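Report on one structure; see the data block that follows.
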Amino acid sequence: MVPEQYNFTAIESRWQAQWEERGTFRAVDDDPRPKLYVLQMFPYPSGDLHAGHIRNYVIGDAVARFWRMRDYNVMHPMGFDSFGLPAEQAAIDRQIQPSFWIERCVANSRRQFKRYGFSFDWSREVVTSDPAYYRWTQWLFLKFYEMGLIYRKQIEVNWCPEHGVLANDEVKEGTCWRCDSPVVRQKMEQWCMRTTQYAKRLLDGLDRLPGWTDAVRTMQRNWIGESSGTHISFAVPDIAELVPDGFAPELTVFTTRVDTIFGCTFMAIAPDHPLAEFLAQAGGTADQLQQFAADCAREALEYGVADAEDKPKRGLRLGVDCVNPFNGETLPVFATNYVVSDFGTGAVMAVPGHDTRDHAFAREYGLAIREVIVPLEGESTVDIQQEACVEKGRCVNSGPYDGLDFPAAKEQMDAWLAEQGQGGNAIQYRLRDWNMGRQRFWGAPIPMVHCDGCGWQPVPVAELPVELPDEADYSDIRVSPLANDKQWQQAKCPACGGTATRDTDTMTTFMCSAWYFLRFCDPHNEQAPFAADKVAAWLPVDYYVGGKEHAVGHLLYSRFVTQALHDAGLLKLTKADHEHKLPELADEPFRRLFNQGIVYKDGAKMSKSRGNVVSADDLAERYGADTARLFAFFGGPADQDLEWSTSGVEGCHRFLKRVWRLARAVLNGQAISDTCGDICRQAVRARHRAVAGVTEDLVNWRFNTAIAKQMEYLNELESLWQQADGTDESQAFQSALLALSQLLSPFAPHIAEELWQRLGGMGLCCDSDWPLYDPQMLVEDTVELPVQINGKVRGRITVATEAAEEDVLAAALADERVAQWLEGKQVVKRIYVPGRMVTLVVK
RNA sequence: GCCGAAGUGGCGGAAUGGCAGACGCAGCAGACUCAAAAUCUGCCGAGGGCAACCUCGUGAGGGUUCGAAUCCCUCCUUCGGCACCA
């Protein structure tokens, strides 16, 4: 007998134990069926999962379960991105070691994941702070070092007094993304990855990723920021004696508007341009420059990033001139507050007539404004002295280039520059090299040692991992505990055997997460980060599910690492797409990308720090994991944000209780008959309709409507069961409910198993073959059609589905209500859309 | 400023050129109950009408079409990304 109550607690723990015992979700490497790699971005183990996490992970789980039932060999792994600041902060706050703290968080997160019945293959779990994992993160660092992709660079970094060095995408409006402290600029020597060397590859690769949304591809494109232009060198004879070896006495600019070169009336450079001090020295303005540079740095922080453009343009005339190579004119050089040193060459040829910023500056300092571009047709309509004209057009006052349009002028000018050795065509990227180092404890130590005699030396691979010390000393939190640990720093120089000092920086966690999807293919390998053939068996990832906050950072770094490893000959990833809809990928890791929406509660993003979380444990206790999962889907489209609502959760709980009650009633019904009456036939039709609809919705990731269709199916079955009550058709309802169990399985897997078993299904529901439908069964005998007259519905007719067009139109004209609207009118046009509607146009 | 996404009942949303509001929530009325909870049944965009029905209605305005939430143009609002990018 089926119990009266839907006891979700007992059901859920029972089936979780069953799945674990049977190893149901373990992915096998040499399974002959087609593979499907379903990856969800692994979390930072915050220690307590909330409804927002559930919403995120339920999506990939439904997809994994669905395709598993469609007989794919699905790999759906999970792990923890466990290095990083929060553990360190918790350790400081609670006076405990980060490793101890994070172990507890990982254990609890894993328990909570299991409580929700996610179909993860836990035998592949990776934890980035585990030496068995970060050993290989360090190995990859050394590999990239060997490839010449990692170098030491004196860079100006974003420095947060709390959190040390921050990446550009960790700085929000001049403040730290984690603690809101103001960020200052500081010079520091850092390990840098030459991501810019891959700028073109990373950009072009986006064209081969139709399985990504345009939004993310556009964001990456903008982030890489390719612009096509020209390099031009302006000689500065006065500094010939001053510049250090290896530097030429010239200023090189990057411009996208070389056609305006004859309108250049001064040179604008960043106050911290590499040659600025020599220029100031030559011009006798060294002291003023120092003052000006300091002012600009302070001003930049005051204004923040948001309204930098509103800043009044200021500058310092350095007192030296440079020479325009095209006409030999000498132009004054200014250090300005509007040219930044980290884009292009840090120097700009200023053309006030045709650039708004240069125009504003020229007006401020009384510099010449020259018109060198006019519209292609006719004469110029703006007063160039009042307003810059940035439109492209045709050159005037430009010597031999007069009359040329932009493409012609650029081509000829580039060619001339190249001939003179003064520049030429150039591509510039906004993307910058990737700063690998963090001055923190809780990360993978950078496997480099410094020897006074031999300089920086890589740690030999055999000595990996370079493990963190057991104890972190947080008595002085302004520096990394590693920098305080003299004993840990002691090392032997691999080159000369003398004493050396370990690098006390740890790697950015973006590096740890930039290759975990490769490790999942071969998680226990102790000889290498992964075996190429195992990666080749699983990559590329077919579905990658995660938040859009990683649209550039994580995804770009992962693509970079994959491309670089591909170039190193360590990877092959050419598996065909399981649906044969997308191109094969040569060096891209993620075939399809799905970004879920964010979960809000009370108008704010659900997060621990905001204190508006709905705890995953509370939900599971109160309603059960199945109910919570169901609402996470049902609330709206998966790619849109969701406001968490308690009453909505109750609605989903009610649905499951109704399913349970109907199953109970059907199983308690006695008579079983082979006859198939009208009600039985209707139930069968309803089943085919539900299977067809849910299948299509799952293929298209429309989970909310997939659940609505299951609710409709249940509504129909309930109403049919009421009509059938006391008759002998419970057999038909048993098969109807078996199908419902299967449809429910990707969403509410525990109740699905329970019903499946009680209804007499073979084996596990989640292992069963996804139900099929017969398209013939979706076709009804008759169909009701609306009849429109001039676009408004004026009547309804019921006709045979297969009826011929003339018969349908005749029936429409014959309809009583329609006839009324036709009185005294002339029908000028008749349209029949089969199965949809009839339209009459009258005059 | 540039790029991207979105705007539909009281609410979450459905419909992507063909009956606007599926499904759910909330609300109202009723049944069961001593009562409540749970459950079940019915109603549920606005205005008009006793009613059958009629008119209006998908951020605003225009357009294409027999027919537009859906396609095109202009504008407004909200959210996300980038930003003195030369």
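Everything quoted here is computed from the prediction, not taken from an experiment. Here is the naming used below: chain letters follow the sequence lines, and residue numbers restart at 1 for every chain.
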Assess [X] against [Y]: is NZ or CZ under 6.0 Å from the centre of the six-membered ring, and within 45 degrees of the ring's axis?
| X | Y | value |
| --- | --- | --- |
| A/Arg592 | A/Trp212 | no |
| A/Lys392 | A/Phe406 | yes |
| A/Lys313 | A/Phe361 | no |

Over all strands shown, is [X] touching base, sugar-phosphate only, or nothing at heavy-atom distances under 4.0 angstrom?
| X | value |
| --- | --- |
| A/Met711 | sugar-phosphate |
| A/Thr218 | sugar-phosphate |
| A/Asn337 | base |
| A/Asp214 | nothing |
| A/Gly225 | nothing |
| A/Arg430 | base |
| A/Val216 | nothing |
| A/Trp821 | sugar-phosphate |
| A/Lys792 | sugar-phosphate |

Item checked: 5′-ward residue of the pair A/Met349/A/Arg654 relative to RNA chain B -> A/Arg654

Notebook entry, point to check: Quick one: on RNA chain B, does A/Phe343 or A/Asp697 contact a more 5' nucleotide (nearest heavy atom)?
Noted result: A/Asp697

Does [N] pair with anything, Watson-Crick or G-U wobble, both distances under 3.5 Å, and if so, with which nucleotide?
| N | value |
| --- | --- |
| B/G10 | B/C25 |
| B/A52 | none |
| B/U16 | none |
| B/G1 | B/C82 |
| B/U74 | B/A60 |

Check the distance between [N]'s [atom2] and [X]'s [atom1] and give it to me in whole angstrom.
| X | N | atom1 | atom2 | value |
| --- | --- | --- | --- | --- |
| A/Asn715 | B/G24 | CG | C1' | 10 Å |
| A/Met219 | B/C82 | CE | P | 8 Å |
| A/Trp660 | B/U39 | CH2 | P | 17 Å |
| A/Asn595 | B/G4 | CG | P | 17 Å |
| A/Arg689 | B/A22 | CZ | C1' | 13 Å |
| A/His653 | B/C23 | NE2 | P | 22 Å |
| A/His359 | B/C84 | NE2 | C1' | 17 Å |

Considering only atom [atom1], compute the distance from [N] to [M] and round it to an integer number of Å.
| N | M | atom1 | value |
| --- | --- | --- | --- |
| B/C43 | B/G21 | C1' | 16 Å |
| B/A68 | B/G63 | C1' | 11 Å |
| B/U78 | B/G59 | C1' | 11 Å |
| B/U41 | B/A52 | C1' | 26 Å |
| B/C19 | B/A38 | C1' | 37 Å |
| B/G62 | B/G12 | C1' | 32 Å |
| B/U70 | B/U8 | P | 13 Å |
| B/G10 | B/U65 | C1' | 35 Å |

Next item on the list: Find out whether A/Ile789 and A/Val842 are in side-chain contact, i.e. whether some heavy atom of one side chain is under 4.5 Å from a heavy atom of the other.
Entry: yes

Is the base of [N] touched by the side chain of [X] through a donor-acceptor pair closer than 3.5 angstrom?
| X | N | result |
| --- | --- | --- |
| A/Arg830 | B/C66 | no |
| A/Lys709 | B/C23 | no |
| A/Ser647 | B/G24 | no |
| A/Glu549 | B/G80 | no |

What donor-acceptor contacts under 3.5 angstrom involve side-chain atoms of residues 691-699 of chain A, with partners at least two apart or in another chain?
{"unit_1": "A/Thr695", "atom_1": "OG1", "unit_2": "A/Val691", "atom_2": "O", "d": "2.6"}
{"unit_1": "A/Thr695", "atom_1": "OG1", "unit_2": "A/Trp770", "atom_2": "NE1", "d": "2.9"}
{"unit_1": "A/Asp697", "atom_1": "OD1", "unit_2": "A/Arg702", "atom_2": "NE", "d": "3.3"}
{"unit_1": "A/Asp697", "atom_1": "OD1", "unit_2": "A/Arg702", "atom_2": "NH2", "d": "3.4"}
{"unit_1": "A/Asp697", "atom_1": "OD1", "unit_2": "A/Lys709", "atom_2": "NZ", "d": "3.3"}
{"unit_1": "A/Asp697", "atom_1": "OD2", "unit_2": "A/Thr705", "atom_2": "OG1", "d": "2.9"}
{"unit_1": "A/Asp697", "atom_1": "OD2", "unit_2": "A/Ala706", "atom_2": "N", "d": "3.2"}
{"unit_1": "A/Asp697", "atom_1": "OD2", "unit_2": "A/Lys709", "atom_2": "NZ", "d": "2.9"}

Check: Which way is the base of B/G9 turned, syn or anti, if we draw the line at 90° from 0?
Finding: syn

Checklist line | Approximate separation, where rounding is to 0.5 Å, of A/Ile707 CD1 and A/Phe631 CZ | finding: 10.5 Å

Notebook entry, point to check: Think A/Asn704 has a side-chain N or O under 4.0 angstrom from the OP1 or OP2 of B/A14?
Noted result: yes

Nearest-neighbour nucleotide for the [X] side chain, [options] considered:
| X | options | answer |
| --- | --- | --- |
| A/Ala215 | B/U55, B/C3, B/G4 | B/G4 |
| A/Thr705 | B/U55, B/G12, B/A15 | B/A15 |
| A/Arg658 | B/G24, B/A22, B/A86 | B/G24 |
| A/Trp223 | B/G18, B/C54, B/C82 | B/C82 |
| A/Ala708 | B/A86, B/G18, B/C23 | B/C23 |
| A/Val340 | B/G18, B/A86, B/U39 | B/A86 |
| A/Arg661 | B/C40, B/C23, B/U55 | B/C40 |
| A/Arg794 | B/G24, B/U55, B/G13 | B/U55 |
| A/Phe634 | B/G18, B/U41, B/G12 | B/G12 |
| A/Gln788 | B/G24, B/C84, B/G18 | B/G18 |

Item checked: Residue among A/Leu251, A/Thr252, A/Val258 satisfying side chain to side chain contact (heavy atoms under 4.5 Å, CB included) with A/Ile232 -> A/Val258

Next item on the list: Determine the sole option in A/Glu250, A/Gln422, A/Met349 for which the side chain to side chain contact (heavy atoms under 4.5 Å, CB included) test with A/Phe234 is passed.
Entry: A/Met349

Next item on the list: Evaluate whether atom CD of A/Glu387 has more than 12 neighbouring non-hydrogen atoms of other residues, nucleotides or ligands under 6.0 angstrom away.
Entry: no

Margin query: To check you understand the geometry: which heavy-atom pair defines the closest contact between A/Gly353 and A/Ile384, and what is its length?
Written below: O-CD1, 3.2 Å

